[in-house]
Amino acid sequence: MLYGIAAATTALLLTAVLTALLRTPALRLGLTDRRRQQRKVPLSGGVAVVLTTCAVVVAGERTGIAPPGGGELLVAAAAVAALGLVADLWRVRPRVLLVGTAVAAACVVPYEETGVVGGMLAVGWIACVALGFRALDHADGLAGTVGVVAAFGVGACAAAEVMDGLAVLLSVLAAALTGFLMHNWPPARVGLGSGGALFAGFVLAAAGVVARTGHEAASSAGVLFALNAVAVADVLLVVVARRLAGRRGPDHLAHRLRRLGLTPQGTVVLLGLGAFAGVLVGVLEHLGWVGATGSLWVAAGALVVVLALLRVRSSGASRPVPAQASPQVREPLRVRNG
């Protein structure tokens, strides 16, 4: 317990400092958000989150202070973060990110407990959630806020299963994302980028799968969905909206909530509360304090939100989706103030 608190505090402070220190080098290297036209926002936040999380967890395990566990998952997540960093520097097709993330996920799924079919489904889930968190980076502060909430929820599930090493990893990730949010709260001075977003989403999804190992498959699917409901709802909204409109545009959750008059800060708070509600239900269902209907209510609520926001007209420039191209979940336009 004491080590977990010390590790989280260290991760928070180290990420906050490192994010600021890496800002200038990121600008010089051209590691900036290409979606912003008015000002350059460096993507040093993701690098800081990944480096801090890995350093704190590895240092704890090497010194013998931290409980073992999560090392293999962390290595795979770091590989995914490296792939995301490449996407931040150069344009990489989403299908390449999907395949690369799936390969990394295939290395951490516990096939002995899940079986081959369950393992394949878990690989697909981890890859989709990781890309979902990348999509959440369309608005300042959103991916970090949702990530912090989800990390606490998945960490609670891991702690309930006495997976202390995994719980420490998630507490460190939550603290690192909190330190990053000090620079990313709207209006952001630093961005997360594909590297940081894929890393966070991968750790959260993979840790959730590991924590639910040994539980009934249907209930596990409900819990895993509830823990990541906002990311899934955002991807669903984008895919459906672009299929209906036949073109890409500002289709994400935050874009449409802004059209309803919410401020950037209010949008993040509202979606953060939605993530908290889903995570709370997921944790309670994992502990057996609520039945499987809890996650069904979360799914129904997410579907209602998606259907309601589909009626909100998107704004801004858009372009037709080529027939041969796969749907993009990465949005070229950024949610801004005003």
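Reckoned from all heavy atoms, side chains included, excluding hydrogens, waters and symmetry mates.
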Q: For the CG atom of Leu309 and the CG atom of Leu260, what is their distance to the nearest 0.5 Å?
A: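 The CG atom of Leu260 is 6.5 Å from CG of Leu309, to the nearest 0.5 Å.
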Q: Looking at CG of Leu177 and CZ of Phe152, how far apart are the two atoms once the value is rounded to the nearest 0.5 Å?
A: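 That separation rounds to 10.0 Å.
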Q: Within the 4.5 Å heavy-atom criterion, are Leu271 and Thr145 side-chain neighbours or not?
A: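 They are not in contact (no side-chain heavy atoms under 4.5 Å apart), so the answer is no.
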Q: So do the side chains of Leu173 and Val49 get within less than 4.5 Å of each other, counting heavy atoms only?
A: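 Yes; the side chains approach each other to less than 4.5 Å.
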Q: Which Ile, Leu, Val, Met, Phe, Trp or Tyr residues join Val75 in one cluster when any pair of side-chain heavy atoms under 4.5 Å counts as a link?
A: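 Via sub-4.5 Å side-chain contacts, Val75 links to none.
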Q: Taking only residues at least two apart or on different chains, which pairs with a member in residues 213-232 satisfy ring-ring contact (aromatic ring centres under 6.0 Å, His included)?
A: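 Listed once each, the pairs are His215-His286.
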Q: Is a side-chain N or O of Arg189 found less than 3.5 angstrom from the main chain of Met182, in a donor-acceptor match?
A: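 Yes, because the side chain of Arg189 sits within donor-acceptor range (under 3.5 Å) of the backbone of Met182.
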Q: Just verifying a value: how many Å separate Leu310 CG and Arg256 CZ, rounded to the nearest 0.5 Å?
A: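 So the gap between those two atoms works out to 6.0 Å.
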Q: Passes side chain to side chain contact (heavy atoms under 4.5 Å, CB included), Leu169 versus Thr53? Steps please.
A: CA-CA 8 Å; Leu169 168 59; Thr53 303; 3.9 Å; yes
Q: Using every non-hydrogen atom in the two residues, find where Val209 and Ala122 come nearest and quote the distance to one decimal.
A: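 Scanning both residues, the minimum pair turns out to be CG1-CB, 3.9 Å.
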Q: Honestly curious: do Val312 and Leu244 fall in one hydrophobic cluster under the side-chain, below-4.5 Å linking rule?
A: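 Shared cluster, yes.
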Q: Is there a side chain to side chain contact (heavy atoms under 4.5 Å, CB included) between Val210 and Val108 once you walk through the steps?
A: CA-CA 9 Å; Val210 173; Val108 299; 6.0 Å; no
Q: Taking side chain to side chain contact (heavy atoms under 4.5 Å, CB included) as the definition, give me every residue that meets it alongside Ala79, ordered by chain and number, with sequence neighbours left out.
A: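 For Ala79, no residue satisfies side chain to side chain contact (heavy atoms under 4.5 Å, CB included) once neighbours in sequence are set aside.
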Q: Considering only residues two or more places apart or on different chains, which pairs with a residue in residues 12-31 satisfy side-chain hydrogen bond (donor to acceptor under 3.5 Å, both in side chains)?
A: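 Of all non-adjacent pairs touching residues 12-31, those that pass side-chain hydrogen bond (donor to acceptor under 3.5 Å, both in side chains) are Thr15-Thr52.
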Q: Closest approach of Asn184 and Gly191, non-hydrogen atoms and distance?
A: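 Closest approach of Asn184 to Gly191, heavy atoms only: ND2-CA, 3.9 Å.
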Q: Is the closest side-chain heavy-atom distance between Leu131 and Leu97 below 4.5 Å?
A: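 Yes, their side chains come closer than 4.5 Å.
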Q: Check whether any side-chain heavy atom of Val154 sits under 4.5 Å from a side-chain heavy atom of Val203, and report yes or no.
A: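 Result no, sub-4.5 Å side-chain heavy-atom pair not found.
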Q: Please report the shortest heavy-atom distance between Ser295 and Val223, naming the atom on each side.
A: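 Here Ser295 and Val223 meet closest at CB-N, 4.4 Å.
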Q: Show the nearest heavy-atom pair for residues Asp140 and Ala188, with the distance to one decimal.
A: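 For Asp140 versus Ala188, the nearest heavy atoms are OD2-N, 3.3 Å.
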Q: Hydrophobic cluster mates of Met120, side-chain heavy atoms under 4.5 angstrom, ILVMFWY only, any path?
A: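 Cluster partners of Met120: Val116.
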Q: Could you tell me which residues satisfy side chain to side chain contact (heavy atoms under 4.5 Å, CB included) with Ala78, sequence neighbours excluded, listed by chain and number?
A: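 Cys54.
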Q: Got Leu237 and His252 here, is their nearest side-chain heavy-atom distance under 4.5 Å?
A: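 Side-chain contact under 4.5 Å: no.
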Q: Sorted by first residue and then second, give each ring-ring contact (aromatic ring centres under 6.0 Å, His included) pair with at least one member in residues 176-209; sequence neighbours left out.
A: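 Non-adjacent pairs meeting ring-ring contact (aromatic ring centres under 6.0 Å, His included): zero.
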Q: Measure up the His138 and His255 rings against each other and bin them: parallel (under 30°), tilted (30 to 60°), perpendicular (over 60°).
A: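 Tilted.
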Q: Applying the 4.5 Å side-chain criterion to the ILVMFWY set and letting contacts propagate, would Val306 and Leu296 be lumped into a single cluster?
A: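 No, it is not one cluster - the side chains of Val306 and Leu296 are not joined through contacts under 4.5 Å.
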Q: To the nearest 0.5 Å, tell me how far Leu257 CG sits from Thr267 OG1.
A: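 Separation between the atoms: 5.5 Å.
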Q: Side chains of residues 5-13: which donor-acceptor partners sit under 3.5 Å, not counting sequence neighbours?
A:
from, atom 1, to, atom 2, distance (Å)
Thr9, OG1, Ile5, O, 2.8
Thr10, OG1, Ala6, O, 2.8

Q: Could you walk me through whether Leu142 and Leu253 pass side chain to side chain contact (heavy atoms under 4.5 Å, CB included), step by step?
A: CA-CA 10 Å; Leu142 182 55; Leu253 290 172; 5.7 Å; no
Q: With no hydrogens and no angle check, is any side-chain donor or acceptor of Glu216 less than 3.5 Å from a backbone partner on Ala218?
A: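 Yes, Glu216 side chain to Ala218 backbone: donor-acceptor pair under 3.5 Å.
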Q: May I ask whether Val162 and Leu73 are part of the same hydrophobic cluster, defined by side-chain heavy atoms of I, L, V, M, F, W, Y residues being less than 4.5 angstrom apart, directly or through others?
A: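 No, because Val162 and Leu73 fall into different hydrophobic clusters, even though each may have its own neighbours under 4.5 Å.
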Q: What residues form a side chain to side chain contact (heavy atoms under 4.5 Å, CB included) with Leu31, not counting sequence neighbours?
A: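 Result, side chain to side chain contact (heavy atoms under 4.5 Å, CB included) vs Leu31: Ala26, Leu43, Val47, Leu85, Asp88, Leu89.
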Q: Backbone N or O of Pro186 within a donor-acceptor pair of the Gln265 side chain at under 3.5 Å?
A: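 Present.
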Q: In the single-linkage hydrophobic clustering (I, L, V, M, F, W, Y; side-chain heavy atoms under 4.5 Å), do Val304 and Phe276 co-cluster?
A: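 Shared cluster, no.
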Q: Quick one, Met163 and Cys157 - any side-chain contact, counting heavy atoms below 4.5 Å?
A: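 Not in contact.
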Q: Tell me the side-chain hydrogen bond (donor to acceptor under 3.5 Å, both in side chains) pairs involving residues 99-122, sequence neighbours left out?
A: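 Qualifying pairs: none.
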Q: With heavy-atom distances below 4.5 Å as the criterion, would you say the side chains of Val168 and Pro67 are in contact?
A: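 Sidechains of Pro67 and Val168: in contact.
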Q: Tell me if a side-chain donor or acceptor on Asn228 pairs with a main-chain N or O of Leu224 at a distance below 3.5 Å.
A: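 Pair found, side chain donor or acceptor close to backbone of Leu224.
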Q: My understanding is that only residues two or more places apart in sequence, or in another chain, count here; which of them pass side chain to side chain contact (heavy atoms under 4.5 Å, CB included) with Ala151?
A: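 For Ala151 the side chain to side chain contact (heavy atoms under 4.5 Å, CB included) partners, ignoring immediate neighbours, are Ala174, Leu204.
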Q: Are Val281 and Trp297 connected into the same hydrophobic cluster when the rule is that any two of I, L, V, M, F, W, Y join if their side-chain heavy atoms are below 4.5 Å apart?
A: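 No; Val281 is not reachable from Trp297 via cluster members.
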Q: Enter the distance from Asp234:CG to Phe133:CZ here, rounded to the nearest 0.5 Å.
A: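 Interatomic distance, Asp234 CG to Phe133 CZ, rounded to 0.5 Å: 10.5 Å.
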Q: If you compare all heavy atoms of Ala150 against all heavy atoms of Leu227, which two are closest, and at what distance to 0.1 Å?
A: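 Closest pair (atom of Ala150, atom of Leu227, distance): CB-O, 3.8 Å.
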Q: Could you give all pairs that pass the side-chain hydrogen bond (donor to acceptor under 3.5 Å, both in side chains) test and reach residues 63-81, with sequence neighbours left out?
A: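 Sorted result for residues 63-81: empty, none.
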Q: Indicate the atoms forming the closest heavy-atom contact of Val146 with Ala275, along with that distance.
A: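 Residues Val146 and Ala275, closest heavy atoms: CG1-CB, 4.2 Å.
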